[in-house]
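Please read the structure below before turning to the comments.
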Amino acid sequence: MSAGERYHEFPPPPSLTPWIKAVWTYACPEPSRTVQRIAPDGCPELILDIAAPYEEQGPDGVWRLQPPALFAGQMTRPIAIRPVGPVELVAVRFHPDGARDWLGGPLSAATDQRLDMVARLAGVRPPSGDPQAQARALTDRLEAARAEQGWTVDPMVRAEVEALADDAPQPSRSPAEQRALQRRFLDRVGVSPRSLRSVMRFRRVFDHALEPTPEAGGWLEAGLGAGYFDQPQMARDFRRFLGCTATEWAREQVELARAIASQTYKPGPPHLA
């Protein structure tokens with residue numbers, strides 16, 4: 001990391017663990033103007049900028065400033081962002097099926113969208129320079145929402161999400177059962193089980209891109225272990241979810257893109273008090 005750059009990740013308070021996977025903070029006082037590709041990871045996120053928001057490149061190629069508070073739904077393609085000033089933010093990473101009650105509507109409405117949450121997070125003012133206090137400020141707001149709204153978990157969807165994460169074989173289902181699961185998945189997760197499986201499979205190999213000098217043979221071995229049939233199939237997913245090859249991403253990406261990719265799955269410190 002560059003001078004002054006930091007990334008911290010915290011487990012959520014126990015009362016929020018059924019819905020929230022992690023809370024993370026990031027700061028970079030003097031970021032480069034490098035374009036950063038953010039790949040799907042299967043988890044919706046709630047992000048609050050304390051400093052300058054990022055610009056995001058739209059499908060039309062135009063760069064637009066993101067709102068300072070946003071909800072990022074499930075991603076089926078990469079996004080490109082770049083900083084415009086000092087960066088400091090705090091974010092909540094939900095479980096794949098954990099954000100429905102916070103959003104207050106079907107997650108399918110937020111797929112590949114960044115929704116403005118400025119009004120929803122009005123009054124939340126995390127202090128600059130204190131990652132733990134920043135994380136607590138955001139989780140306090142979500143804990144209040146959970147208590148007020150009575151958040152729930154759909155047991156069928158959660159069981160399927162966990163099976164996909166474990167790459168477990170899919171049980172036999174009738175067409176009617178499969179359609180019912182699809183509907184519930186679109187409501188609670190935002191994408192189909194098949195799409196989420198693809199993202200999770202990609203992530204298992206994508207983490208290999210973070211090694212300093214991944215070997216060609218290691219790539220193929222990692223891909224086969226993650227469930228890919230061959231290297232061309234794996235390469236297609238890298239183009240689909242990253243917009244470039246794994247080698248290009250590993251060589252080019254810096255700052256936030258690399259920080260959240262390299263730190264996301266490491267163990268965190270004790271729960272926030």
Side-chain angles (χ1 to χ4, degrees), residues 6-27 40-50 69-75 88-107 110 115 117 120-168 184-185 187-191 196 199-200 203-204 207 259-273:
R6 61 165 170 79
Y7 176 93
H8 293 281
E9 191 163 302
F10 305 94
S15 61
L16 292 174
T17 54
W19 299 276
I20 296 175
K21 188 173 184 178
V23 187
W24 57 274
T25 68
Y26 176 76
D41 69 356
C43 297
E45 294 196 310
L46 180 65
I47 302 169
L48 177 61
D49 282 293
I50 301 168
L70 63 86
F71 178 83
Q74 287 286 350
M75 294 165 53
E88 189 170 14
L89 57 85
V90 56
V92 161
R93 182 178 301 118
F94 290 94
H95 289 292
D97 60 326
R100 205 282 183 197
D101 290 338
W102 159 260
L103 188 63
L107 260 291
L115 306 181
M117 290 285 137
R120 291 282 303 274
L121 294 182
V124 180
R125 297 184 176 86
S128 178
D130 188 338
Q132 192 163 27
Q134 292 168 358
R136 188 176 297 111
L138 192 52
T139 55
D140 282 352
R141 172 59 63 90
L142 268 69
E143 171 57 24
R146 181 203 65 79
E148 179 182 347
Q149 298 167 350
W151 293 3
T152 61
V153 172
D154 184 321
M156 177 186 289
V157 174
R158 176 56 58 89
E160 184 72 8
V161 167
E162 292 175 347
L164 293 173
D166 293 337
D167 198 25
R184 291 165 78 162
F185 236 73
D187 181 64
R188 306 292 305 193
V189 179
V191 294
L196 185 61
V199 169
M200 289 180 168
R203 289 300 307 197
R204 286 192 286 271
D207 292 341
I260 60 176
S262 61
Q263 300 296 324
T264 292
Y265 302 106
K266 291 183 179 180
H271 290 284
L272 293 171

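Put simply, CG on L115 and CG on L70 are 8.5 Å apart, with the number rounded to the nearest 0.5 Å. Atoms CG and CG, from D101 and L142 in turn, are 11.5 Å apart once rounded to the nearest 0.5 Å. In this structure, L89 CG and L48 CG are separated by 8.5 Å, a value rounded to the nearest 0.5 Å. Separating the CG atom in D41 from the CE atom in M200 is a distance of 9.0 Å, to the nearest 0.5 Å. Between I20 atom CD1 and L138 atom CG the span is 7.5 Å, to the nearest 0.5 Å. Rounding to the nearest 0.5 angstrom, the gap separating the CH2 atom in W24 from the NE2 atom in H8 is 13.0 Å.
Listed here is the closest heavy atom pair of T25 and P131: OG1-CB, 3.4 Å. Between P18 and V153 the shortest heavy-atom distance is O-CG2, 4.0 Å. Taking each heavy atom of L103 and P106 in turn, the nearest pair found is CD2-O, 3.8 Å. T17 and P12 get closest at one heavy-atom pair: CG2-CG, 3.7 Å. Of all heavy-atom pairs between A91 and I47, the closest is CB-CG1, 3.8 Å.
When the side-chain contact (heavy atoms from CB on, under 4.5 Å) test is applied to A133, the partners found at least two apart in sequence or on another chain are P127, D130. Considering only residues two or more places apart in sequence or on other chains, R146 meets the side-chain contact (heavy atoms from CB on, under 4.5 Å) condition with S15, L16, W19, E143, W151.
Electrostatic pairing of E9 and R93 counts as a salt bridge here, judged by a charged N lying under 4.0 Å from a carboxylate O. Between R100 and D154, none of the side-chain N atoms (NZ, or NE/NH1/NH2) sits under 4.0 Å from a carboxylate O, so this pair counts as no salt bridge. In this structure, E88 pairs ionically with R6, as a charged nitrogen and a carboxylate oxygen lie closer than 4.0 Å.
Q74 places a side-chain heavy atom less than 4.5 Å from the side chain of P96. Looking at R188 and T152, their side chains come closer than 4.5 Å, going by heavy atoms from C-beta outward.
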Q: Go through the steps for F71 and L107 under the test side chain to side chain contact (heavy atoms under 4.5 Å, CB included), then give the verdict.
A: CA-CA 11 Å; F71 178 83; L107 260 291; 3.8 Å; yes

Q.
Show, in sequence, the C-alpha distance, side-chain angles and deciding distance for V199 and V191, and conclude whether the side chain to side chain contact (heavy atoms under 4.5 Å, CB included) test is met.
A. CA-CA 10 Å; V199 169; V191 294; over 6 Å; no

**Q.** Worked check of side chain to side chain contact (heavy atoms under 4.5 Å, CB included) between D97 and M156
**A.** CA-CA 11 Å; D97 60 326; M156 177 186 289; over 6 Å; no

Q.
The test is side chain to side chain contact (heavy atoms under 4.5 Å, CB included); show your working for H95 and V161 and say whether it passes.
A. CA-CA 9 Å; H95 289 292; V161 167; over 6 Å; no

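Without hydrogens or angle criteria, R141 side chain to G123 main chain gives no donor-acceptor distance under 3.5 Å. At distances below 3.5 Å, at least one donor-acceptor pair connects side-chain atoms of R120 with backbone N or O atoms of W102.
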